[in-house]
J.: 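Have a look at the structure that comes next, please.
Residues: numbered from 1 along the sequence shown. Note that the structure is a prediction, hence the values are computed from the model and not measured. FYI, side chains are in, hydrogens and waters are out, and symmetry mates aren't considered; it's all heavy atoms of this structure.
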Amino acid sequence: MGGVLIFLMGFLIYLATHLGSTEMAILFNELDPADTKNIIAQLEEQNVPYQLHKNGTEIHVPVSDALKLRVQLAETVNAGSVVGYEIFDKAQSPGVGHDIINLQMLRALEGELSRTIKAIDNVKAARVHLVLPRREMFSREEQPPSASVIIRMEEKAKLNPKQVEAVQRLVAAAVPKMQMKDVSIMDARGTLLTKSFDDDEQMQMSSNEELRRDYEKRLINSVQSLIEQSVGQEKVRVQASLEMDFDQVVVNKEVYDPDAQVLRSSTTIEENSHTDEREPIVSVEQNLPDADAKNVNQVTQKANRTEETVNYEISKEVISQVRKNGVIKRLSVAVIVDGTYLPKPDGSREYIPRTEKEMELLTTLVRSAVGYDATRGDTVEVINLPFFNPDELLALEDPVVFMNFTKQEVIKMVEGLCVAFVAVLVILLVVRPLIVKAFEQPETEEEERLLMAQSEELQQLTGPASGGGLTESEQLEELIDIAKVEGRVKASSVKKIGEIIEQHPEEAVSIIRNWLYSE
């Protein structure tokens, strides 16, 4: 009745507290303290009841208002104390100085960068600190800007090196005159994620080393996937080593080809001259009449001149070459291929090496896959060796020792038997005595009651003389004292009954007969 009363009272209290209350639903969970503060302030302005759970990281509101409030307060979530360019939405008062505006601009830039970094997957929170030093008056030196970024990730999530570099480039590109080496990134545990470089040259060297390792991985994966198509999965291992030249080279060449001539210009001058001259002959006839026509000597002169000028243009090739990417200087590839196995009747396997022709074909495939070039000293080695198989080693270590059971199985069975034996000992030596002791006291009390009843019956049959000189009150007191003695009640009672039977054998026989014939 008391239990039913308590249950009814608790049920009535439950009904009074829950039926009269409004059903609540989750508005937002996993909130930052700053976000919780902003959301609570807006809920109190709208007179909306709310409840806080999980140390203030979860807010509950009435079910009817949950969807509407979730849409209205979406911008508040994950904003916290981070302020972006919305700081300039409000009109600035005329008295605000230039220093205050610069400070607000810095704060807005930090907030926008924090929000952008939080957009990366598994990034829970981010904080950006920018240092934009001013140039001192009458100073030629100018300190470069720097930035510090703290990123808090989700549980069991980490930023990979490429994501860290992306965050560096993001921050450096958002701030004028900022270099990537001046951006430091650390996680919530205080671990520095960026590599410290003294100058751009060290950063370039690190980038070149990563490029070399990536190229090696691509070669290994391509060769292994190609050979596995022929020999099978887990039958080939590949290792590659590259020597690359990352020197930036600028080459300017002018090449002249004398065999490739081009006619540029040709000039030909030809001169022809013809002259007829008459010279008088000095003689006697010259004094005769009509001597002019007869005493004249006819002289004819002809001249020809040809001049040719030919200009040729010799072919010229101008080469300007700029090399920035790395060039492979030397390539070394080592490939180990497992052979084939033939099962034996006893369960073991016999190793069979591959043929020389097959190994030559595999070597040709590897050389074609990696771009083998003998002129630069490349080496490609494909070797056939048996692979280590741990299963076979275990099979050799665990031979059959007893009734088709291995050594490990026999050990497990022995362990199981030992555990069962210990359990039996615990039951017999610990559990059983406790159970016997728990039920021993009631059995002892029942025996004492029966013995007392028998003693009274014998006393009635034997009369006063059987008391051994004791009165009835003394005998009762003696029985009470015997009942108080633990562990000796049964022995004393049997001894007492034995003495009574020795003194009155006939009466004892009569009582036993009555017991035998009674129902």
J.: When you compare the side chain of Leu27 with that of His60, does any pair of heavy atoms fall below 4.5 Å?
T.: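 No; the side chains remain at least 4.5 Å from each other.
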J.: Using atom types as modelled and distance alone, determine if a side-chain donor or acceptor of Arg237 lies under 3.5 Å from a backbone N or O of Ala334.
T.: no
J.: What's the spacing between Ile383 CD1 and Glu381 CD if we round to 0.5 Å?
T.: 6.0 Å
J.: Could you tell me if the side chain of Pro62 sits less than 4.5 Å from the side chain of Tyr50, heavy atoms only?
T.: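 No; the side chains remain at least 4.5 Å from each other.
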J.: I want to check something: taking the side chain as every heavy atom from C-beta on, are Leu362 and Val335 in contact at a cut-off of under 4.5 Å?
T.: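 No - every pair of side-chain heavy atoms lies 4.5 Å or more apart.
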J.: Taking CZ in Arg134 as the centre, count heavy atoms belonging to other residues, nucleotides or ligands within less than 6.0 Å. Is the count above 12?
T.: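 Check fails, neighbour count at 12 or below.
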J.: Taking the side chain as everything from C-beta on, heavy atoms only, tell me whether Val61 gets closer than 4.5 Å to Leu43.
T.: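 In short, these two side chains touch, coming nearer than 4.5 Å.
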J.: For Glu356, I'd like to know if atom CD has over 12 heavy atoms of other residues, nucleotides or ligands within 6.0 Å.
T.: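 Counting other residues, nucleotides and ligands, CD of Glu356 stays at 12 neighbours or fewer.
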J.: Starting from the C-alpha separation in whole Å, work towards a yes-or-no answer on side-chain contact (heavy atoms from CB on, under 4.5 Å) for Thr194 and Val164.
T.: CA-CA 7 Å; Thr194 55; Val164 173; 3.7 Å; yes
J.: To the nearest 0.5 angstrom, please state how far the OH atom of Tyr215 sits from the CG atom of Leu242.
T.: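 Going from the OH atom of Tyr215 to the CG atom of Leu242 covers 7.0 Å.
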J.: Assess whether side-chain contact (heavy atoms from CB on, under 4.5 Å) is satisfied between Leu385 and Asp338, documenting all intermediate values.
T.: CA-CA 5 Å; Leu385 289 176; Asp338 195 7; over 6 Å; no
J.: From Ile411 CD1 over to Cys418 SG, what is the distance, rounded to the nearest 0.5 angstrom?
T.: 11.5 Å
J.: Quick one: closest heavy-atom pair of Asn122 and Ala157, and the distance?
T.: CB-CB, 3.8 Å
J.: Give a yes or no on whether Tyr372 atom OH has more than 12 heavy-atom contacts from other residues, nucleotides or ligands under 6.0 Å away.
T.: yes
J.: Identify the two heavy atoms, one from Pro133 and one from Pro144, that lie closest to each other, and give their separation to 0.1 Å.
T.: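 For Pro133 versus Pro144, the nearest heavy atoms are CG-O, 3.9 Å.
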J.: Measuring from Glu243:CD to Lys329:NZ, what's the distance to the nearest 0.5 Å?
T.: 6.5 Å
J.: Can you tell me if Ser230 uses its side chain to pair, donor with acceptor, with the backbone of Ile227 under 3.5 Å?
T.: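 Not at all, since once roles are kept as given, no pair shorter than 3.5 Å links the two residues.
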J.: Return the CG to CE distance between Leu132 and Met105, rounded to the nearest 0.5 Å.
T.: 9.5 Å
J.: Look only at the side chain of Asp182 and the backbone of Met178, and say whether a donor-acceptor pair between them is shorter than 3.5 Å.
T.: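 Between the backbone of Met178 and the side chain of Asp182 there is no qualifying donor-acceptor contact (under 3.5 Å).
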J.: Are more than 12 heavy atoms, taken from residues, nucleotides or ligands other than Glu209, located less than 6.0 Å from that residue's CD atom?
T.: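 More than 12 heavy atoms, drawn from other residues, nucleotides or ligands, come within 6.0 Å of this atom.
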J.: Does any part of the side chain of Thr340, heavy atoms only, come nearer than 4.5 Å to the side chain of Val231, both counted from C-beta?
T.: no
J.: Using every non-hydrogen atom in the two residues, find where Asn384 and Tyr351 come nearest and quote the distance to one decimal.
T.: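 The pair with the smallest heavy-atom distance is ND2-OH, 3.2 Å.
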J.: Can you tell me how far apart OG (Ser114) and NZ (Lys118) are? Round to the nearest 0.5 Å.
T.: 8.0 Å
J.: Indicate yes or no for a side-chain donor-acceptor contact from Gln168 to the backbone of Lys181 under 3.5 Å, with no hydrogens or angles considered.
T.: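 Answer holds: no.
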J.: Are any non-hydrogen side-chain atoms of Lys158 and Met153 less than 4.5 angstrom apart?
T.: no
J.: Could you tell me whether a side-chain N or O of Arg152 sits under 3.5 Å from a main-chain N or O of Lys124, the two making a donor and an acceptor?
T.: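 Such a contact is absent between Arg152 side chain and Lys124 backbone.
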J.: Please determine whether side-chain contact (heavy atoms from CB on, under 4.5 Å) holds for the pair Leu113 and Leu130, giving the CA-CA distance in whole Å, both sets of side-chain angles, and the decisive distance to 0.1 Å.
T.: CA-CA 10 Å; Leu113 287 174; Leu130 299 177; 4.2 Å; yes
J.: Could you report the tightest heavy-atom contact between Val337 and Arg354, atom names first, then the distance?
T.: CG1-NE, 3.6 Å
J.: Taking all non-hydrogen atoms of both residues into account, name the closest pair between Leu226 and Leu365 and its distance.
T.: CD2-O, 4.0 Å
J.: So, do Ile151 and Ile185 sit near enough that their side-chain heavy atoms are less than 4.5 Å apart?
T.: yes
J.: Quick one: does Asp187's side chain get under 4.5 Å of Leu193's, heavy atoms only?
T.: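 Yes, their side chains come closer than 4.5 Å.
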J.: Check the pair Ile40, Thr36 against side-chain contact (heavy atoms from CB on, under 4.5 Å), reporting the backbone distance first and the verdict last.
T.: CA-CA 6 Å; Ile40 289 176; Thr36 304; 3.7 Å; yes
J.: Go through the side-chain N and O atoms of Thr379 and Ser332 and say whether any donor and acceptor fall under 3.5 Å apart.
T.: yes
J.: Testing Arg212, Arg218, Arg213 for side chain to side chain donor-acceptor pair (under 3.5 Å) with Glu216, which one passes?
T.: Arg212
J.: For residues Gln163 and Leu159, report the shortest heavy-atom separation together with the two atoms involved.
T.: OE1-CD2, 3.2 Å
J.: Would one find more than 12 heavy atoms of other residues, nucleotides or ligands at under 6.0 Å from atom CD of Glu154?
T.: yes
J.: Determine, for Glu112 against Arg115, whether the closest basic-nitrogen to carboxylate-oxygen distance falls under 4.0 angstrom.
T.: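 Judged by the 4.0 Å cut-off on N to carboxylate O distance, Glu112 and Arg115 do form a salt bridge.
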J.: Check whether more than 12 heavy atoms from other residues, nucleotides or ligands sit under 6.0 Å from atom CZ of Arg169, and answer yes or no.
T.: no
